[in-house]
Each structure stands twice: as structure tokens, then as C-alpha cells.
Protein chains: 2
Amino acid sequence: MTDKDKKIASPARPSVAEMVENIVGCKWSLRVLALVRAGVSRPGAMEHAVDGLTAKVLNERLKKLTRYGILDKTVYPESPPRVEYRLTAFGQQFSALLDQIERLEKVLQQ
Amino acid sequence: MTDKDKKIASPARPSVAEMVENIVGCKWSLRVLALVRAGVSRPGAMEHAVDGLTAKVLNERLKKLTRYGILDKTVYPESPPRVEYRLTAFGQQFSALLDQIERLEKVLQQ
DNA sequence: CAGTATCCAGACCGATACTG
DNA sequence: CAGTATCGGTCTGGATACTG
């Protein structure tokens with residue numbers, strides 16, 4: 001975990017602009033968000049799906065996204081352990097940013 | 001200028017996702033973008049408007065936003081020199097991200 | 001499988017001083 | 001006023017090794 005992360009441990013309700021800066025500014029965040037949105041819910045699957053993404057960084061991102069109320073974490077007490085991440089209601093709205101980015105992508109391709 | 005900046009000097013058309021990561025990841029970028037959008041076009045005015053923003057960092061942001069085709073720079077050959085930055089057509093669409101952020105802000109406040 | 005601890009090269013950005 | 005050069009502390013994130 002980074003120091004930046006620690007600073008928002010007990011946030012005075014960070015603004016969305018701060019969230020966006022802090023989340024999007026971190027490498028892999030958008031990728032991870034897109035994966036969860038696409039139904040890839042398990043960390044192992046995410047790590048496998050994204051070339052170059054390591055477990056350490058992935059966990060940092062998942063933690064941050066969870067702390068911001070964008071993702072929801074579920075732990076199933078099995079062996080081997082199974083964990084799933086899902087978008088929260090707010091996370092679904094937040095991830096609409098991905099749609100707008102995609103829209104801009106098309107603008108650029110013309 | 002940072003090394004990250006140099007890498008996109010001759011871009012193979014960076015994706016919007018990369019642009020977003022690279023721009024939003026840089027502190028002050030959203031603030032600067034919002035200022036230009038609000039009609040604050042001169043660097044001096046921007047520096048004066050944002051507490052904590054220094055000329056060096058401001059120029060790095062303006063350069064990057066210009067290189068990405070989001071801003072347009074105009075130099076008036078006067079003395080003292082006058083410079084103005086404006087949103088390009090693409091920049092206007094890009095800065096719609098700010099609207100969505102503002103929308104999310106309201107979602108969060110409920 | 002999920003998650004953490006440690007290390008460290010390199011990037012970021014704030015301060016300062018400077019040019020045209 | 002606009003912009004650059006340089007320095008230096010801090011943070012980032014990739015590699016590796018490890019626990020439960």
C-alpha cells in the first residue's frame with residue numbers, strides 16, 4: 001500500500017475529482033475496473049487476463065477501489081480460498097466513465 | 001518535462017484510455033482543464049487562480065494537454081508577451097469528462 | 001488461490017534561480 | 001509575462017520471496 005492510500009484511510013468524504021485523480025492516476029486501475037465490469041471477478045483471473053499486472057499491484061488497486069466504495073469484496077470460506085469482487089451501485093455509475101472514454105476513442109478515430 | 005512526457009513525443013496515436021491515465025494521473029491536470037474550459041486562458045491567470053500550482057508544473061501540464069490535441073496555444077508577439085490557451089474541438093469533447101465527474105459528485109452527496 | 005513484505009530504480013513535483 | 005534548468009525529497013510500481 002502506498003502512502004497516498006493511507007492518507008484516505010479515514011476520508012472526510014473525498015470529492016469525486018480526488019477519487020478520479022487518485023484512482024485513474026494509478027496504473028492498471030482502469031483496466032481492473034473494466035475487467036470487473038466485464039464479469040471477471042476473481043483476482044487470479046484478473047492477474048491472468050492482464051499482461052504485466054502483478055499480484056501486489058492488483059491487490060493495491062482492488063483495495064483502493066473497495067475503500068472508495070466502487071467495488072465490493074466477498075470471501076467464500078472454502079479451501080482453496082475463493083474471493084470475488086463486484087461493482088457496487090456507485091461503482092456502476094462510476095464506471096460509466098469507461099463508456100465515455102470509449103466514446104472519445106471513436107471520436108479520435110474519425 | 002518528465003520522462004513520461006517524452007515517451008509520447010511522437011505517439012503511435014495513443015488510446016484515449018492512455019491519455020486519460022497519463023493526463024489525469026498528473027496532479028493539477030483536471031484543475032487546469034477546468035480553468036481553460038471556464039475561460040481562463042492565460043498562464044499567469046491560471047497560476048494565480050490555483051493555490052499551490054507553480055509555473056513549472058503548469059507549463060508541463062499545458063504542454064502535455066497541447067500535445068494531446070486537447071488545448072491549442074496562441075502566442076501574440078507583443079511586449080510583454082501574451083499567450084492564450086483554448087480548448088480544441090476534441091478538447092471540448094474530452095473535457096466532458098469533467099461534467100460526468102460533477103454528475104458523480106451529486107450521486108455521492110445523496 | 002489470495003494476499004503480504006521487502007527492496008529499489010525511476011518518476012513525480014515542489015522550490016529556487018534563471019533567460020528572453 | 002512566459003518559460004526553462006536544476007536539484008532533491010517523496011512516491012510508484014515491478015521483481016522476488018514469502019505466509020495461510
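Naming: A, B, ... by sequence-line order, numbering from 1 per chain.
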**OP:** Kindly compute the distance separating CZ (B:Arg61) from CG (B:Leu35), expressed to the nearest 0.5 Å.
**Re:** 14.0 Å
Subject >> Charged N-O contact under 4.0 Å between A:Lys64 and A:Glu60 >> reply: no
**OP:** Using whole Å, report how far CD of B:Glu21 lies from P of C:dC12.
**Re:** 12 Å
**OP:** Can you tell me which residue pairs pass the salt bridge (charged side-chain N to carboxylate O under 4.0 Å, His left out) test with a partner in residues 75-93 of chain A, sequence neighbours excluded?
**Re:** A:Glu78-A:Arg82, A:Arg82-A:Glu84, A:Glu84-A:Arg86
Throw together a table of side-chain donor-acceptor distances under 3.5 angstrom for residues 101-108 of chain A, partners on residues two or more places apart or in other chains.
unit_1	atom_1	unit_2	atom_2	d
A:Glu105	OE1	B:Val16	N	3.2
A:Glu105	OE2	B:Val16	N	2.8

Original post:
Looking at D:dT4, C:dC1, D:dG13, which one has an atom nearest to any side-chain atom of A:Arg61?
Top reply: D:dG13
Under 3.5 Å, which donor-acceptor pairs do the side chains of residues 88-98 of chain A form with other protein atoms, sequence neighbours left out?
unit_1	atom_1	unit_2	atom_2	d
A:Thr88	OG1	A:Gly69	O	2.6
A:Thr88	OG1	A:Ile70	O	3.2
A:Thr88	OG1	A:Phe90	N	3.4
A:Thr88	OG1	A:Gly91	N	2.8
A:Ser95	OG	A:Arg37	NE	3.2
A:Ser95	OG	A:Gly91	O	3.1
A:Ser95	OG	A:Gln92	O	3.1

**OP:** Would you kindly give the CG-to-P distance between B:Asn59 and D:dC1, to the nearest whole Å?
**Re:** 14 Å
**OP:** Whole angstrom is fine here: how far is it from CD1 in B:Ile23 over to P in C:dC13?
**Re:** 13 Å
Original post:
What is the distance, rounded to the nearest whole Å, between atom CD of B:Glu84 and atom P of D:dG3?
Top reply: 12 Å
Subject >> Rounded interatomic separation in angstrom, taking CG from A:Leu30 and P from D:dG13 >> reply: 12 Å
**OP:** Supply the atom-to-atom distance A:Arg42 CZ to A:Tyr76 OH, rounded to the nearest 0.5 angstrom.
**Re:** 9.5 Å
Subject >> Contact residues, residues 31-48 of chain B to DNA chain D [heavy atom, < 4.0 Å] >> reply: B:Arg42, B:Pro43, B:Gly44
Subject >> Protein proximity profile, nucleotides 14-20 of chain C - base contact B, sugar-phosphate-only contact S, no contact -, cut-off 4.0 Å on heavy atoms >> reply: BB----B
Subject >> A:Glu47: partners by side chain to side chain donor-acceptor pair (under 3.5 Å), with sequence neighbours left out >> reply: none
Subject >> Overall bend - the helix from C:dC1-D:dG20 to C:dG20-D:dC1, comparing terminal axes fitted on five pairs, nearest 10 degrees >> reply: 40°
Original post:
Is there side-chain contact between B:Leu71 and B:Leu87, with at least one heavy-atom pair below 4.5 Å?
Top reply: yes
Original post:
Expressed in angstrom and rounded to an integer, what is the separation of A:Arg82 atom CZ from C:dA2 atom C1'?
Top reply: 13 Å
Subject >> Interatomic distance, A:Asn22 atom CG to A:Ser15 atom OG [nearest 0.5 angstrom] >> reply: 10.5 Å
Original post:
Is the phosphate of C:dG3, meaning OP1 or OP2, less than 4.0 Å from a side-chain N or O of A:Lys73?
Top reply: yes
Which pairs would a plain distance check flag for residues 24-33 of chain A, meaning a side-chain donor or acceptor within less than 3.5 Å of a matching protein atom at least two apart in sequence or in another chain?
unit_1	atom_1	unit_2	atom_2	d
A:Ser29	OG	A:Ile23	O	2.8
A:Ser29	OG	A:Cys26	O	3.3

Subject >> Any A:Tyr85 side-chain N or O less than 4.0 Å from OP1/OP2 of C:dG3 >> reply: yes
Subject >> Separation of D:dT4 P from B:Glu60 CD (nearest whole Å) >> reply: 10 Å
Original post:
Side chains of A:Leu65 and A:Tyr85: closer than 4.5 Å at any heavy-atom pair?
Top reply: no
**OP:** Would you kindly give the CG-to-C1' distance between B:Asn22 and C:dA11, to the nearest whole Å?
**Re:** 12 Å
